[in-house]
Structures are given as C-alpha cells and as structure tokens.
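Notes for the one structure printed next.
Source: prediction; values computed, not measured. Residue numbers count from 1 along this sequence.
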Amino acid sequence: MEKIIYEYSILRCVPDIERGEFLNVGLMMMSKRQRWLQVRVNIDTDRLRILSPRLDCERLRIQLEAFLRTDVPFPSLPVEERYRWLAAVKSALIQTSPSHPGILLSNGQVKATDLLEEKFRELYQRLVLMP
C-alpha cells in the first residue's frame with residue numbers, strides 16, 4: 001500500500017472582521033509528493049447576503065480569482081510553496097482555515113492523482129457546497 005499524503009485549507013469569506021462570521025467559499029488541496037495542487041471556489045451570493053447585505057460580491061469574485069490563477073505569485077515555485085503562500089494567514093475579506101493533513105492509501109490500481117481528485121471532490125461538497 002502506498003501512502004498519499006495531502007493537506008487542505010478552506011477559503012472563507014469574512015465580510016466583517018469585527019463580527020468574525022464567515023462562509024466557506026472555496027477549498028485548496030495539495031500533495032507535495034505528487035506535485036498536485038487543486039483550488040475551487042463557490043460564491044453563494046444568497047447565503048453571503050444573509051451575513052452581509054452590503055457585501056460587494058464582484059470584489060469577492062475578483063479576489064478569489066487570485067487563488068485560481070496558476071501564473072501568480074511565482075509560477076516557478078514548487079507546489080508546496082505555492083500552497084503555503086496561498087494558505088498564509090490573512091486578515092482580510094478572504095481568510096484561510098488552518099491547514100489540515102490527510103492520508104490516502106493506494107493499492108496501486110488507481111492513480112494517486114485520481115484518488116486525490118476524488119477526495120478533493122468529497123471535501124469540496126461537504127465543506128463548501130454543504131448538501
């Protein structure tokens with residue numbers, strides 16, 4: 001059995017820093033050994049308007065796009081360094097959760113990247129989209 005180690009961090013929209021309320025708006029997941037990084041965002045404007053009726057959702061969308069880009073901040077950085085840069089603690093409209101580690105076990109019949117993508121979809125559904 002091969003161990004596939006990964007880390008993930010949740011992207012949170014914090015419309016009012018003083019209130020501290022947030023809504024999960026995205027997920028980042030990385031595997032250093034697999035050189036794999038995935039980021040996906042979801043802006044649920046209806047739920048965000050409940051937290052903050054005056055929230056500028058267009059500004060939020062523009063800021064979240066920075067997490068999706070592959071050419072910034074430094075395209076030559078290794079995956080783990082890009083992840084660390086993106087997951088760094090910020091006091092802003094978009095914040096990240098602490099990084100959470102995980103392990104997947106592969107029997108060698110399924111590619112490691114396929115297992116990572118499956119786990120990413122599962123976490124994204126549960127943590128961001130919330131059924």
**OP:** Run the numbers on Leu105 and Lys3 for side-chain contact (heavy atoms from CB on, under 4.5 Å), then give the verdict.
**Re:** CA-CA 5 Å; Leu105 298 176; Lys3 291 182 181 178; 3.7 Å; yes
I'd like to know if [Y] and [X] are part of one continuous hydrophobic network [Ile/Leu/Val/Met/Phe/Trp/Tyr, side-chain heavy atoms within less than 4.5 Å].
| X | Y | value |
| --- | --- | --- |
| Trp85 | Val41 | yes |
| Ile50 | Val25 | no |
| Leu123 | Ile5 | no |
| Val14 | Ile43 | no |

Which heavy atom of [X] sits nearest a heavy atom of [Y], and at what distance?
| X | Y | value |
| --- | --- | --- |
| Met28 | Phe67 | SD-CD2, 3.8 Å |
| Ser106 | Leu115 | CB-CD1, 3.6 Å |
| Arg47 | Val128 | NH1-O, 4.1 Å |
| Arg126 | Met130 | O-CG, 3.5 Å |
| Cys13 | Leu48 | SG-CD2, 3.8 Å |

Within the side chain of [X], is there an N or O that forms a donor-acceptor pair under 3.5 Å with the backbone of [Y]?
| X | Y | result |
| --- | --- | --- |
| Ser99 | Ser9 | no |
| Asn24 | Leu127 | yes |
| Arg49 | Leu55 | yes |
| Thr96 | Leu11 | no |

[X] side, atom [atom1]; [Y] side, atom [atom2] - distance, nearest 0.5 Å:
| X | Y | atom1 | atom2 | answer |
| --- | --- | --- | --- | --- |
| Leu37 | Leu86 | CG | CG | 7.0 Å |
| Glu65 | Leu60 | CD | CG | 10.0 Å |
| Phe120 | Tyr6 | CZ | OH | 12.0 Å |
| Phe22 | Arg12 | CZ | CZ | 3.5 Å |
| Asp114 | Gln109 | CG | CD | 13.0 Å |
| Thr45 | Asn42 | OG1 | CG | 9.5 Å |

Subject >> Option passing side-chain contact (heavy atoms from CB on, under 4.5 Å) with Ser31 (candidates Met29, Gln34, Arg35) >> reply: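 The residue from Met29, Gln34, Arg35 that satisfies side-chain contact (heavy atoms from CB on, under 4.5 Å) with Ser31 turns out to be Gln34.
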**OP:** Determine, for Lys119 against Glu122, whether the closest basic-nitrogen to carboxylate-oxygen distance falls under 4.0 angstrom.
**Re:**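 Counted as a salt bridge, because a side-chain N and a carboxylate O are separated by less than 4.0 Å.
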Subject >> Pair Arg84 + Glu7, salt bridge at N-O below 4.0 Å >> reply: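 Yes, Arg84 and Glu7 are salt-bridged.
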Original post:
Step by step, would you call Leu116 with Gln38 a side-chain contact (heavy atoms from CB on, under 4.5 Å)?
Top reply: CA-CA 9 Å; Leu116 286 164; Gln38 181 85 292; over 6 Å; no
Original post:
Mind checking what makes ring-ring contact (aromatic ring centres under 6.0 Å, His included) contact with Tyr8, not counting sequence neighbours?
Top reply: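 Counting only residues at least two positions away or on another chain, Tyr8 forms a ring-ring contact (aromatic ring centres under 6.0 Å, His included) with His100.
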**OP:** Start with the C-alpha gap between Lys32 and Val79, add the side-chain angles, then the distance that decides, and say whether side-chain contact (heavy atoms from CB on, under 4.5 Å) holds.
**Re:** CA-CA 6 Å; Lys32 178 180 176 178; Val79 167; over 6 Å; no
**OP:** Please tell me if the side chains of Ile17 and Gln95 come closer than 4.5 Å, counting only heavy atoms from C-beta onward.
**Re:**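 Yes, at least one pair of side-chain atoms sits under 4.5 Å.
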Original post:
Counting heavy atoms not belonging to Arg61, are there more than 12 under 6.0 Å from its CZ?
Top reply: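 Result for CZ/Arg61: enclosed.
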Original post:
Can you tell me if CD on Glu118 sees more than 12 non-hydrogen neighbours from other groups inside 6.0 Å?
Top reply: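 For Glu118, atom CD is not crowded (no more than 12 foreign heavy atoms under 6.0 Å).
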